[in-house]
Structure formats: structure tokens, C-alpha cells
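I have placed the structure first, in the form of C-alpha cells, so that the comments after it can refer back to it.
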Protein chains: 2
Amino acid sequence: MATIKDVANKANLSVATVSRYLNNHPYISEEKKKRIKAAMKELDYTPSSIATQLRSKKGTMIGILVSRITNPFFSYLVDAIEKEAKKNHYNVLIMQTYDDKKAEINTLELLKQHVIAGLIMCSVEGDPQMIASYQEFGPIVLCNERVSGADIPTVVTDQKKAVYNAISYLATKGYQKIAYCTGGTLTSEGHGRNRTEGFEQAVLEKNLTVRKNWIFRQVHTSQDGMKVADDLLQLPKVERPEAIFTNSDEVAMGIMEQMLQKGFQLPHDLAIIGFDNQPSTSLLRVPLTTIAQPVAALGMESTKLLLAKIENNSYEVDQAQLKLTLVKRKSA
Amino acid sequence: MATIKDVANKANLSVATVSRYLNNHPYISEEKKKRIKAAMKELDYTPSSIATQLRSKKGTMIGILVSRITNPFFSYLVDAIEKEAKKNHYNVLIMQTYDDKKAEINTLELLKQHVIAGLIMCSVEGDPQMIASYQEFGPIVLCNERVSGADIPTVVTDQKKAVYNAISYLATKGYQKIAYCTGGTLTSEGHGRNRTEGFEQAVLEKNLTVRKNWIFRQVHTSQDGMKVADDLLQLPKVERPEAIFTNSDEVAMGIMEQMLQKGFQLPHDLAIIGFDNQPSTSLLRVPLTTIAQPVAALGMESTKLLLAKIENNSYEVDQAQLKLTLVKRKSA
DNA sequence: GTGAAAGCGCTAACAT
DNA sequence: ATGTTAGCGCTTTCAC
């Protein structure tokens, strides 16, 4: 591999001049520019990003942390982030936590190790304080996650309002008995909590009925959804809800599959609302009513914010882009 | 940020000893190990990955190139690769081409710039020779892609056989008139070509009927699929095929959606076979018969092969893991 | 405008 | 077993 030194030799110039050329410094005579360009072409020279970073202390890579990339919400997020990052000449390092705190810490350590110049966290497991402390090593932006008790820049939507609207919609449609699924524990932080607040508010205002055994916690996968359906069907007919709000399309699809399997009619026997508007939810046997998140905007705004921080600029997140919408289809 | 020098000073040792400790060299007295460990903890020291890489010439990051991460096939691939890479203490840089040659070259350049130590290409656009030439800067592995005219390590499945089996299955079921979708141009290289060979072989052997206007090229999205359905429905009833083989579930879903929309019965009016076995294809209004690819194994084997090359070991790909299977459901 | 030279943080001979 | 030293490829004063 050719180095800057080789280029300098071939062009009969000092490495300093070549370096200046590389960084388009002003005041290099046109004639030498040509010589440098020629030498570079001839040697097929490319600067070593590693060396540049060591010397200049400027990274060229940002990290993105998700729980699992196979979740379409996250893959669309990564897509948006990668596009915006590339546009600004940053590369993207991807890390998955699989809900494991250790993996999250490993990712934060990459900041300390100068592997990444900044980090977008689309998933948060650990203690906010501890996460915040890593900002010493590079900017961190929380994307679609919020924490309390620590000061970390955040890009979020109003999930409380969205769920409130969804539940109100159910009420309008005449559904009175509502079941609820959450990925969290119901009391924990994060968007789980926000959604639950929206749910509770709607239940109160619209005078809806909820029972303890209509509340499901820690459900994430379609497997979990099928389990939820089973649990519901265990109940005597009169004690079953008329509708269920789920925290993800996957869960909704699991419930739906199980119900249809057992011969029930949807939404007649159970109305279902999903969350995410994943591709193909429109193609299900019973097209799914679901809440669409502004994924592309979330990714884009997060990236813009992070890059601004890396480059010591300020950036105001455009909240207008960050609206959730209820996509009304057959299932509710 | 503390450096190795700071640690050495604090521990009253030379940087060399500390460096040895970092690389668990043999023969360091236990007593000094303690001192070093203590100093590191006190200073909250983490080695700079950048400096290590510059000096040791050993990268710690591999690149993975896909056309679009939002395609579930690729996100599952990335998932598998990330897991296997992490297990071996490599990080994963992700790049999307969006079918753009330029983006592919940019990715290859990362190899030259020492940003990545190796590259897994799950998508190939450019000239094989040109791609192969980048192997000078680091190993490249083709995952689920094959090229001719250049020598690049490859991890692939037998797509020809899988398609042959799928078409034969259609024949067995009594379908005689078969339409065909490909993402390529029909004559181009890659798995498109292999699948087409399987298709052609089955058509010949089983004496099936194919017409020119039942062949669709360059179809990729569900949008394209809907267009295919429209084209088919333009045809007089007697000139329509009884079944269609598609190159992806997305295309299959597009066709399905459009057909159902227009009031047709599936598979009665048209049998459909997809490709990929994407999650949720089992949950469609008409559950999709499709070919499942061994995604996890593809990712894992590719990664093992690449890492072996990076570390100058040899690795024999386990072909037994790389079998395609026809998942039989309702649509065909 | 251009060059000489000092390092960025680390590793790896070569000594001892 | 441990220290000394010379760089890895690049950027950036400081001279001229």
C-alpha cells in the first residue's frame, strides 16, 4: 500500500504539502496540485483512515444500537440512519443488544475506544446515569427512547397521545371492554410507560372496562401473542374483552393467527390494534389496524442531531416530522 | 483520556510492559500485573482502538454490504453475521447499495482505507474482476451471490435445484401453464440465472407450458408484483397462466394483493410460489407457499470463512447447513 | 507557498 | 522478566 510518503517522493514534494492537498488547504500552487494528483493516481493511493483518525482525533463512524435488527421497525430505522450518515460521509457501525445490558455496555465502550465518534441508541437497557456518563467520550442520542434522571439528547414522538387516540377510536367504534399488552412491566420507564399513560387516560375519560387479567406484560414476539390469545380464550366467554391493544404488530399477528386458527371471527370476536404498521400488515387475512411510527423521520432527525453534536454545531429537531398516525384497517 | 503512558507512569513501569499486559504476553510477574490493573482502574483507561490498529495493522471491523437492510432476508443475514462476528470480537459496519454501483465501490474503498479488515458482499453490482482486485487490501466473501470470471470465495446454496423442485411440485399438483418472475434480466449472472436454469429444466422435463408474456424481468418490490398481476389480467382469460413462480415474497405478496383485490380466488385462479419465507407469509390471507433460504447458516458460514481468511486460517464451509426447502402452504 | 520535524497512542524488535 | 527505542501514516506547528 502506498503511503503519503510515497506520494510525496514521487511528486518531489514534502509530505506536508501532500497532506495539505488532501485536506484542501488553500494556497497550494496549481502546478503542484497536478503533480500530486498524478502521483496519487499512479500509485493508486488512498489515505489510511486509521492514521488520519489517530492524528486528527476525528472519527468518521457512528454507532447505532438496536435490540434486534430483524425487527422491521429497527431495520427501517437503520436504513434511514445509514442514508443520512452516508450523505454526510459517516459510516455506520451496527450493534444489537438482544435486550442484554452487557451488550449495551460493550457498545458504549466503543465510544471510549474511539471506534465510533457518536452513538444513536434505539434501545436502552442500563442505568441512565451510567449511560450519560459515556457522553464524556462522544455524543449520544436516544432515538425513540426516553430516560429520566439523566440528561441525554432525545428524539421522540408523542406515544401517549397516539395510544390515547387509538383507544378513543375503539370506544367510538363501540368497544367497551379493552385488553392491553405492553412490552414492559407497566411501571417501568420508556415508551411502554408513555403508552400506558395514554391508555389509562382514555379508559378513564371514555369510561371503558379493564380487568387485571386483560393486562399482559413483557410481551414482544408473535409467540407471546399466541400465548396471550390462549390466555384470553381460557376465560369464560362473558369475561373476555371485546378489543385488545398491542404494543407491536408482531404480538398482534400472533394473537390474530391463534384466534383465526381456533375458528374465531375478527374483529367480531376480538378487535385488534397493532403498533408499527409493518409492511405486510395490510396483506394479512384480516388487515391490521395499527399505529404507524414516523420511522424515517426518527432516524433522520436523530442522525442530524448526532452529527451536529459531533461537529459542534447546534441542531433543532423538527418535531413536525415526528407524528404518529392511526392506520385504520379491518381488524378494529 | 488516559493513555498507555499514563498507566505506565502511575504503575512505575515502562509502556512496553503495560503493552505486554494488554496483549497478555507471557512472563509478567504477578505483582506488576496487579499494579498495572490498579493503575488502569484508577485512570479508567481503555486502549485506543485506532492507535492499536495503526500500529498492529490488525483491524477489528468487518463490513457487510447489502442492497437494502429493510429487506427481511438481509436483516436476518445481518443479524446472523453480527452475532458470529461479535462472538469473535469483531464489529460490523453496514453498507447499503440500493443497487448502485457507486455505493458498492465506496464500500470496497473502505477496505483500501483500512476501515474494515474484510468484507462480506451480499449483493453484487459491479464487474467481478474489479471487485476481485480489491482482495489485495483484505479478504472478500460473497454471500448468496456468485460471479464468474473472477476468483472470489463464495458461500452459496443450490438455487437451481430448489427452483427445479418447486416447479416440479407445481407440475405434480397439476399446474401446466407456468409464469415466471426474475429480479434479473434472465441472461445475467447471479442467482437469478441459477434459478432460471432450474425453472427451464423443470419446464422441459415436465413438459410445461410457458409463454413469452408470462416472463417478467427486473421485478423486485410488491409494487412490481402488483404490476405483474395487472399485466396478467390484461390477457384474455384463456391466455393466462395457472401458476406463477416469483423471485421474492414481496413480489408474491404484491401479486396476491392485487388478485384478491380484483376478486379472484387463490390458488384457484392463480397459484403463487414465493421466495424467502419471510415472517408473516404464513399469516397472509392466503398463506404463501415459498422457498425458505437457510439465512442464519448463510450468515454464519460466510462470517466464519471471512474471519478465517482475515486470520490466515483455513475454513471449510459446511454445505450441509446450506439447504433450501420448499415450505408448502395454501397459495400453491 | 512549502518543508522540517514533532508527535497522536500503541506495538515489537532489540537490549539487558 | 522488563526497558529502550523506532516507527505505523498522518496532521500540524513553526520556520523560511
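Being a predicted model, the structure only gives us computed values, none of them experimental. Convention: sequence-line order gives letters A, B, ...; per-chain numbering from 1.
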(request) Rounded off to whole Å, could you give me the CG-to-C1' distance for the A:Asn23 and D:dT11 pair? (result) 7 Å
(message) Rounding to an integer number of Å, can you tell me how far B:Gln53 CD sits from D:dC10 C1'?
(response) 15 Å
(message) Can a side-chain donor-acceptor contact be found between B:Tyr76 and B:Gln293 if the only test is distance below 3.5 angstrom?
(response) no
(request) Determine whether the side chains of B:Glu84 and B:Tyr90 contain a donor N or O and an acceptor N or O closer than 3.5 Å. (result) no
(message) Tell me whether the side-chain N/O atoms of B:Ser48 come closer than 4.0 Å to OP1 or OP2 in C:dG9.
(response) no
(message) Tell me the interatomic distance from A:Met1, atom CE, to D:dC8, atom P, rounded to whole angstroms.
(response) 14 Å
(message) In this structure, how many angstroms lie between the P atom of D:dA6 and the CG atom of B:Leu54, rounded?
(response) 18 Å
(request) Kindly indicate, with the supporting measurements, whether the criterion side-chain hydrogen bond (donor to acceptor under 3.5 Å, both in side chains) is fulfilled by B:Glu82 and B:Asn91. (result) CA-CA 7 Å; B:Glu82 199 263 352; B:Asn91 290 127; over 6 Å; no
(request) Would you check, one step at a time, whether the test side chain to side chain contact (heavy atoms under 4.5 Å, CB included) holds for A:Ile64 with A:Val78? (result) CA-CA 7 Å; A:Ile64 160 168; A:Val78 170; 3.5 Å; yes
(request) Check the side chains of A:Tyr315 and A:Lys309 for a donor-acceptor pair under 3.5 angstrom, ignoring hydrogens and angles. (result) no
(request) Take atom CG of A:Asp6 and atom C1' of D:dC8, then tell me their distance rounded to the nearest Å. (result) 13 Å
(message) Consider salt bridge (charged side-chain N to carboxylate O under 4.0 Å, His left out). Of B:Arg35, B:Lys34, B:Lys33, which one does B:Glu31 pass it with?
(response) B:Arg35
(message) So if I take every side-chain heavy atom of A:Lys57 and compare against C:dT11, D:dC10, C:dC8, which nucleotide ends up nearest?
(response) C:dC8
(request) To the nearest Å, give me how far apart CD1 (A:Ile50) and C1' (D:dG7) are. (result) 17 Å
(request) May I have the distance from B:Arg55 (atom CZ) to C:dA13 (atom P), rounded to whole angstrom? (result) 8 Å
(message) Side chains of B:Ser133 and B:Gln129: any donor to acceptor distance under 3.5 Å?
(response) no
(request) Round to the nearest Å and state the distance from A:Tyr21 atom OH to D:dT12 atom P. (result) 18 Å
Protein-nucleotides 2-4 of chain C N/O pairs closer than 3.5 Å?
| unit_1 | atom_1 | unit_2 | atom_2 | d |
| --- | --- | --- | --- | --- |
| C:dT2 | OP1 | A:Ser29 | OG | 2.9 |
| C:dT2 | OP1 | A:Lys32 | NZ | 3.0 |
| C:dT2 | OP2 | A:Ser29 | N | 3.0 |
| C:dG3 | OP2 | A:Ser14 | N | 3.0 |
| C:dG3 | OP2 | A:Ser14 | OG | 3.1 |
| C:dG3 | OP2 | A:Thr17 | OG1 | 2.6 |
| C:dG3 | N7 | A:Arg20 | NH1 | 3.2 |
| C:dG3 | O6 | A:Arg20 | NH2 | 2.2 |

(request) Under 4.0 Å between any heavy atoms, over every strand shown, what does B:Thr3 touch: base, sugar-phosphate, or nothing? Just pick one. (result) sugar-phosphate
